[in-house]
Amino acid sequence: QDDEVTLQLKWVTQAQFAGYYVALENGYYEDAGLDVTILPGGPDIAPTQVIAGGGADVVVEWMPAALAARENGLPLVNIAQPFASSGMMLTCWGDVGIEEPADLANRTLGVWFFGNEYPFLSWMSQLGIETDGASEGSVEVLKQGFNVDPLLQRQADCISTMTYNEYGQVIDAGVSPEELVTFKYEDQGVATLEDGLYVLEENLEDPAFVDKMARFVAASMKGWKWAEENPEEAAMIVLDYDETGAQSEHHQIRMMGEIAKLTAGSDGTLDPEAYQRTVETLLGGGSDPVIAQEPEGAWTHVITDQALN
Amino acid sequence: MSYVVFAFVLWAIGFAINLQLAGGPAQRSAAARLAIPLIFGATLLAMWELLVRGLEVPTVILPPPSQIGATFAANTSILWGDFVQTILKGALSGYLMGCAAAVLVALLVDRYDYLRRGLLPLGNFMAALPIVGTAPILVMWFGFGWQSKAAVVVLMVFFPMLVNTVAGLSDTSAMQRDLMRTYAASWPQTLLKLRLPAALPFIFNGLKICSTLALIGAIVAEFFGSPTQGLGFRISTSIGQLNLGMVWSAIVVSALAGTAFYGLVALLERRATFWHASQRK
Amino acid sequence: MTDATVATQGAMRRWPRWLSLPPVLAMVLALIAIWYVAAVPMNVHEVLTRAERAGIAVSPDSAVLRRDMSALALVARNPGTLGESWSLDRPRLPAPHQVLVELYDSTIVEEVTGRRGIVRTGSLSNRSLVYHGWVTLNATFVGFLIGTALGVVLAVGIVHSRVMDLSVMPWAIVSQTIPIVALAPMIIVVLYSIGIQGLLPKAVISAYLSFFPVVVGMVKGLRSPGAMQMDLMRTYNAPASTVLWKLRLPASVPYLFASLKIGIAASLVGAIVGELPVQQGGLGARMLAGSYYGQTAQIWAALILAAALAALLVWAVGWLERRTLARMGMAA
Amino acid sequence: MAQAPEPAVIRADHLDLTFQTDDGPVHALRDVTLDIPNGAFVSFIGPSGCGKTTLLRCIAALETPTGGSLTVNGMTADEARRARAYGYVFQAAGLYPWRTIGGNIRLPLEIMGFSKAEQRERVARVLDLVELSQFEKKFPWQLSGGMQQRASIARALAFDADILLMDEPFGALDEIVRDRLNEELLRLWDKTNKTIAFVTHSIPEAVYLSTHIVVMSPRPGRITDVIESPLPKERPLDIRDTPQFIEIAHRVREGLRAGYEE
Amino acid sequence: MAQAPEPAVIRADHLDLTFQTDDGPVHALRDVTLDIPNGAFVSFIGPSGCGKTTLLRCIAALETPTGGSLTVNGMTADEARRARAYGYVFQAAGLYPWRTIGGNIRLPLEIMGFSKAEQRERVARVLDLVELSQFEKKFPWQLSGGMQQRASIARALAFDADILLMDEPFGALDEIVRDRLNEELLRLWDKTNKTIAFVTHSIPEAVYLSTHIVVMSPRPGRITDVIESPLPKERPLDIRDTPQFIEIAHRVREGLRAGYEE
Ligand SMILES: Nc1ncnc2c1ncn2[C@@H]1O[C@H](COP(=O)(O)OP(=O)(O)OP(=O)(O)O)[C@@H](O)[C@H]1O
Ligand SMILES: Nc1ncnc2c1ncn2[C@@H]1O[C@H](COP(=O)(O)OP(=O)(O)OP(=O)(O)O)[C@@H](O)[C@H]1O
Ligand SMILES: Cc1ncc(C[n+]2csc(CCO)c2C)c(N)n1
Ligand SMILES: [Mg+2]
Ligand SMILES: [Mg+2]
C-alpha cells in the first residue's frame, strides 16, 4: 500500500528533470513506499496554480515565481533545492557589438515571461536600464516564444537561454560559440534559485505528509545522484518517458551533462545563503520589485534533515 | 454553505423574473429582449461570486467576479493599451485585409469556373489547418509585432470569407439569371446589379463568423511571441504571476470587444440587407 | 407526368465528380511551384550565413548588414550561393519535399524500422505521427460526442422554452468571443484540481468549440418544420414530446449533419489546442515540440496531417450524412 | 344555410377575429354567423386575404376567435380538437419526407395510440380509398404532386374523424389532375358521409363540389352570400358545361365581384 | 395558324429539344412547327411537363434547340435576344428585393443604357400603365402578389420590346385578381400592339385572352391543336358566359384530354 505523490514539473519532459524520472524508473520511489505520478509541464501551465488547486502534492518551480506566489497569498514552502546554481543566461550575437552588459542599452532582447522574467527585470534595474523600449538607453523587450528562432532570425540581438538547453540549440543550428557573447546570471550576481521542490505550507503541519515528502526527497536525490553519475543512461530514461517522442538523444545527453553541473554539490538541502541572495535580487527590482518585502517561512530544512538521516 | 444556498435561491429568483418577462405581455418588446439575457447574465455572475466564496475555491484557480471587477477598474490604462495592440492593430487590420482579399479572390473564382473547381477544394483543405500550428510559423516570418498577428488573422478569416462569398455569388435563382440574359446584360452588369446584392447576406454571414475568428487569432498568435503588450501577452504573463484577476480582466476585454465587434457587423448587416427575409419579421 | 419531373431533378449535376480532379491537380502543382520559388528568398538569410561560415564570399559580407536588407535584394546579389535553399536544417520555409520526407520518416519509416516502431514492439511508436494522430483523434471523438450532446440538449431547451431562448442564446454567442485557446491551460489546471487528467481536459476544450455550431444548427433544424407541420400536430392533439420525436428531431437531421461537419473540424482544433500546454502526446504537442526545437518541417508535417485528418473526419460525417439521409428517404 | 333541417355540426355565431400585429390590429373575421349541417360539403370562396383560412383554423381550434361563439359537435372547438374530431388537409401535401407514404398515413394513428394491427388495417383501407395501394412503401418525393395530395387526404381520413377541413388542397395542382381529384373527392365524400369544409379559389371547383357555397368579402372577412347548390349528388365532370352549372358559377362570380367593389 | 396572312414574327420549323440528363435523354419538344403572326396573342396550354416553358425559353434563346430552326424577326433567337427583342415575364414576379418597385423597373433600362431622364420618364409611364404609380418607392415585399406581378409586367414593358413572352404570369394569383389582370393585359395588348406568347394552365384564361390557342400534348411535347379564336377583340369578362366562349373552352378541354389519353 504505497503513498501516492503527484509531482508537477515546470516544463516538458527533458533531462532538466532527470533525477525524478530516474528515481521512478529505478524503483527508488517504490522502495520508499511511494507511488509517484509525474505530470510534465508545458507552456502556460503554472505549477503554482496546479498545486493551489490541489492537482499536485509537490511542484518543481523557480524560486522567484514561488516567492511571488507566496506574496500573492499562496503560501508555498521550499522543501528541497536539488539545483545548486542557476543555468540562466542571456545569449547575444557578437557581431552586433555587444561586449559587456552596458552595451545592452538600445538593443532588442528576447525574454521569457510567465514568471520567468523576474531575474531579468532585477538585472536590468541593477544596471539602470529601462525596459520600455521607448526612452533613450532603454532596451526593447520581446516576449520570446519557446525557441531560439528570434536570435537565429536576428529578430532580437539577445535572447534568454539556459546553459543546458537553448544554448545547445543555438550551437546545433550551426553557430559557433565564438560568434556568441553570453551573460550568465550567476556571473552577473543576479542568479536566482531554480528548480526547487515546493509544497503548500499547511500540509507541512501533517506529520504523515512530512514523512511522505522526506521519503520523496530522499528518493529523488538518490535519482539525481545516479543521473549525475550515469548521464547517458539517465538521458535515455528521460527519453523513454517523453510521450511526445520529440526529444533527441544527442540533445538530452548533452543536457544531462549540463544539468549535472547545476545539481553538483547539492544534497537537496537549501543553502540559506543562496536563498538570501535570491531574495535580495528580487527585492532589488528597482521601482517594480518582484516581491515587496522579505518573505518569512518560505523554506524549511525539516524535510531534507529528515531525508538525509 | 449558506453562500451556496443563497446562490441557488438567487438563481431561482432570476429565473422566476425571466419566466414572468418571457411569458408576460411585454415579451415581444425590445426591453424584455434585452432585460432577459442581462438578468440571466447577472444571475450567473452572482452565482459565480457566491459559489466561489461558499465553496472556498482558491482565487488563484477561479477569482470571484468582484475581484475581477476591481482588477479591471485598477488597470484600465494597461488594458486599453492591450486592446489597442491586439484588437485594433492585430485583429482589425488582419480582418480588413483578409476579408477584402477573400472577396476579390471570390470574384475571380466566380468568374473562372476552372479556378473554382481547382481552388475551392484546396481552400477547404487549407481552412482545416489548425491556426495554433500556423501561428509559430507566422511569428517567425513576420516578427513579434502586430504584423504577425494580422497575418494569422488574415489566414484565419480568408477561407471562411471566400467560401461564403463564393456561395453568395452563386445564390441567385435561375430565373433571376435568365432575366439578366433576356436583357443581354454583360458580366460586370450582372455582377453589379444582381450577384453582388444577392451575395450580401452571405458576405455578412462571413463577416460575422470572421469577426470572432479574427479576435481569437490575434490573441492566440501572441502566445508564440509578442511585444510586452497585448491581450494574449497579458493573459499568459498574468497566469505565470498568479494574477488571475488580470487574466480574467483581459478575457473580459476580449469578450466585450468581440461582442461589440460582432454586434457592429450585425448592425451593418441590418442596414445593408434590410430587404432580406431573415432581416424582416 | 410530374413523377418523372421530380425524379430527374435530383439526378442533375453540373459536373461528374471525377472532372474536378484535373483543376485541383493543376492548382496543387501551381502551389508547389510557388512554394519552391518562395523558399529561396524566405531562406536566403540563413543560406548566406551558412555560406559565409563555409568561407564563401557573400555580399554584403556581414550578417548585421544583411539583416536589414530585403530578401529579394539578397537573392539578386548572391545568385550563385543559393544552393542550400531547399535543404536547410532549420529553414524558415521548408521545401515541399522536405515536408514530404519528414511526413514519410515520421510515419512509415518510424513505424517500420524505428526502435519503437510497431514492427519491432507491436505498438505504435511515440515518435511517429501515426501515434500522435491517434491520440488526437481519441480526444477529438470524446469532445465531439460531449459537445454534440450538449449542443442538442441546449437546442431542445431553447426551442421549447422562450426563457432559455432569450437568455441562453446571446450568451452562447458571447461564449464564442472568449479566446478559449488562451484559457486552455487554466481549464486543464482546474480539471487537474478535481482529479481529471489525460484525455478528458482536451475533450472538454474540444467540446467547448464544437457545441456552438451544433446549437445554432439544431435550433434552426428543430424550428425547420413549418407552421403547417406544427398545426398538423395540433390537429392530432399531439403532446410536445411526440412533436419532438416524430417531427422536430427527424426534420432537424439534415441541419444536424451540416453542423456536425463544422463541429468535428472544430473538435479537432480543440483537441490540438488542449494538447499544446501539456506535452503528453498528440498532434498539438508535436507542433509545439517542432516549434520548440525549430524543426519547421516537423510543424508542417503535423499541420498537414491535422488538415488531412480534418478533411477525413468531415468526409466521414458527410458519408454518414448521405447514408442516413438516403435511409430516411431525404437524400437530396 | 341557417335553419337547415339537418342538425348543425359546426355552428358559428357572430364570430370575430382580430390579429394584433406590430402595424396595429388586423380584422380578419367580422361577425361571421354560419351553421354547417351534418354531411354537408361546404366550400368557402373569396378573394385572397379575406379570412377563409382563418375561419377554417378557428373551426380546427388552431386560432382563437376574439369574439362570438363557435361550437363543433356541441363542444367548443378546442374540446373537439382534443377529441380529435377533425382531419385537416393543407394546401401543400406536407408529407414527412423521412416517412414512406404508408408511414405518413400511420403517423396520426401512432400518435392517437391505435394498435399495430389496427394501424395496418386502416392504412391499407385509406390507401385503397385514394388508390395508392401500390405506393405504400414509396417516399413522398417519388410521387407526383397529385399523388402526394391524395396521400395527404388519406392521412386525414385514416383516423376517421367526422369532419374534414380542407384548405385549398388542390391549389397547387394543374387543371387536369385537379379535375380527377375533384371527382375522387366527391366519390369519397359520398362513400364516407363526412362533413367537409373546403376552401378554394376556383369558382368551377366550388360549384362542382359543394352542397353549399359560402362567398366571403375582403378584409374584414364577412360572409356575403351562401348559395345552396341545386345540383344532384351524382356529378360527372361534364356537368360543368350545363347551363345550371354556369348559372350558379355566374352567381358566385357576381357575389365575389360585389364583395370587391364595396 | 400556318399560312397566316400577317407576316410571321416567330417562326419555328420542326423544332426538337432533348435534354441530356444523368438518367438518359429527356425529349422535351418534338417536331414543333409554328408561325406566330405579328400582333397575335398566342396562348400555350398543355399538361404539366409538356414543354410549354421549354418552348418559350427556346424563343427567348434561354435554351438551345437540338434540332429544327427558329427565327425571330428574321434573326436567330440569340441574335434577337442580343437585339433585346423581347420582354420576358416569369411565373413568379422575381423582383429584386433590394430594389424598390421603381428601381426594379429601371433595371433593364440601366442595363440597356438609357439616359437618366429617359429612365425616369419610362418608369413613370409603365407604372401608370399597370396602375402602380403610388408604389414606385415601395419595396416588393410591401406589395401583394398581384401588384408584384403587375410590376414585373411593367418591367418587361419598360424597354418597349415588340415581343412579350409570358410564362404563367398569373399562375400564383387568386381568381379575382387574375380576372382583373387578364382584363388589363388585354387592354395593354390592344394599346401597344405587341406580339404576346402566353403560357397558362387555365382553359378560361387561354380562351379569354388569345387570338390563337396552342394545345400541347405530354412528353415529348408536340402541338396537337391550334385553335384560332373567333371572339371579337373587345372582350368584357362576361364573354366567358357566352355559348361561343364555352364552345371554344370545350374544344380546348377535349384537345387536352385527347393528349392525355394517347
Ligand atoms: N397570424 C396572423 N397575424 C396577423 N395577421 C394575420 C395572421 N394570419 C392571417 N392574418 C391576416 O388575416 C387576413 C386573413 O388571412 P387568411 O389567411 O385567413 O386569408 P385567406 O382568405 O385564407 O387568403 P388566401 O386566399 O390568400 O389563403 C389576412 O389579411 C392576413 O394577412
Ligand atoms: N434543364 C432541364 N434538364 C432536363 N430536363 C428538363 C430541363 N428543363 C425541363 N426539363 C424537362 O422537360 C420537360 C418539359 O419541361 P417544361 O418545363 O417545358 O414543362 P412545362 O410544360 O412548362 O410544365 P409546367 O406546366 O409544369 O410548367 C419536363 O419533363 C422537364 O422535366
Ligand atoms: C511559458 C513559458 N515560457 C518560457 C519558460 C521558460 N523556461 C523555464 S524552464 C525552461 C526549460 C529549459 O529551457 C524554459 C523554457 C517557461 N517555463 N514557460
Ligand atoms: Mg388561405
Ligand atoms: Mg412551365
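Chain identifiers are assigned alphabetically (A, B, ...) following the order of the sequence lines, protein sequences preceding nucleic acid strands; residue numbering begins at 1 within each chain. Side-chain atoms are counted along with the backbone in the values below, which use heavy atoms only and exclude waters and symmetry mates.
Between Trp11(A) and Tyr292(C), the ring planes lie perpendicular to each other; the angle is over 60°, past the 30° to 60° tilted range.
In this structure, the side chain of Tyr208(C) engages the main chain of Ser175(C) through a donor-acceptor pair within 3.5 Å. With hydrogens and angles disregarded, no donor-acceptor distance shorter than 3.5 Å links the side chain of Thr48(A) to the backbone of Ala69(A). The backbone N or O of Gly174(A) sits less than 3.5 Å from a side-chain atom of Arg53(C), completing a donor-acceptor pair.
Interface check for chain A: of the options Gly290(C), Ala63(C), Ser62(C), Ala289(C), the most heavy-atom pairs under 4.5 Å are formed by Ala63(C). Across Val12(A), Ile45(A), Thr244(A), Asn147(A), the residue that shares the most heavy-atom pairs under 4.5 angstrom with chain C is Thr244(A). For the options Arg50(C), Glu46(C), Gln197(C), Gln295(C), heavy-atom pairs under 4.5 Å to chain A are most numerous at Gln197(C). The candidate from Glu110(C), Arg92(C), Glu275(C) with the greatest count of non-hydrogen atom pairs under 4.5 Å with chain A is Arg92(C). By number of non-hydrogen pairs under 4.5 angstrom with chain A, the leading residue of Pro277(C), Ser128(C), Ala184(C), Pro185(C) is Pro277(C). No other option in Gln247(A), Glu179(A), Glu243(A), His251(A) has as many heavy-atom pairs under 4.5 Å with chain C as Glu243(A). In terms of non-hydrogen atom pairs under 4.5 Å with chain C, the most contact-rich of Leu239(A), Val148(A), Asp242(A), Thr13(A) is Leu239(A).
Residue Leu288(C) touches chain A through its side chain alone, counting heavy-atom pairs closer than 4.5 Å. Proximity to chain A is absent for every atom of Arg66(C), based on heavy atoms less than 4.5 angstrom apart. Using a 4.5 Å cut-off between heavy atoms, His45(C) makes no contact with chain A at all. Proximity to chain A is limited to the side chain of Ile188(C), based on heavy atoms less than 4.5 angstrom apart.
Side-chain contact between Phe17(A) and Val60(A) is present, with heavy atoms from C-beta onward closer than 4.5 Å.
Identified under the ring pair (Phe, Tyr, Trp, His ring centres under 6.0 Å) test for residues 62-98 of chain C, with sequence neighbours left out: Tyr36(C)-Trp86(C), Tyr36(C)-His97(C).
Counted by atom type alone, Gln153(A) and Gln155(A) present zero donor-acceptor pairs between their side chains at under 3.5 Å.
Between Trp300(C) and Trp35(C), the distance separating the two ring centers is shorter than 6.0 angstrom.
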